[in-house]
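Take a look at the structure set out below.
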Amino acid sequence: MSTHIRTWFITGSSRGFGRWGAFKQRLAVSVPDLLENGQIKAPATEVLMAGAERWAAETGWRAT
C-alpha cells in the first residue's frame, strides 16, 4: 500500500504530496502522542488510499 501512495504522489500528484506532508507535519506538532496521531490520521489515509487506487486504475499502474 505505501508503494501505491508513494508512486501516486511522485508520478501523479505532486501537489497532493506537498499537502499530505504539510498535514502530517502540523499533526505531529499538534498531537505528539503517536497512538492518538495515528487515530486522527486514519480517516485521511483512507481518503488518500482511495485516490491512489483510482489513479492506479486510471493509469493501469500495478505494484511489482
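- Put simply, CG on Leu48 and CZ on Phe23 are 10.0 Å apart, with the number rounded to the nearest 0.5 Å.
- In this structure, Thr45 OG1 and Ile40 CD1 are separated by 11.5 Å, a value rounded to the nearest 0.5 Å.
- Leu34 contributes atom CG, which lies 7.5 Å from atom NZ of Lys41 (distance to the nearest 0.5 angstrom).
- A donor-acceptor pair under 3.5 Å links the side-chain atoms of Asn37 to the main chain of Val31, judged by distance alone.
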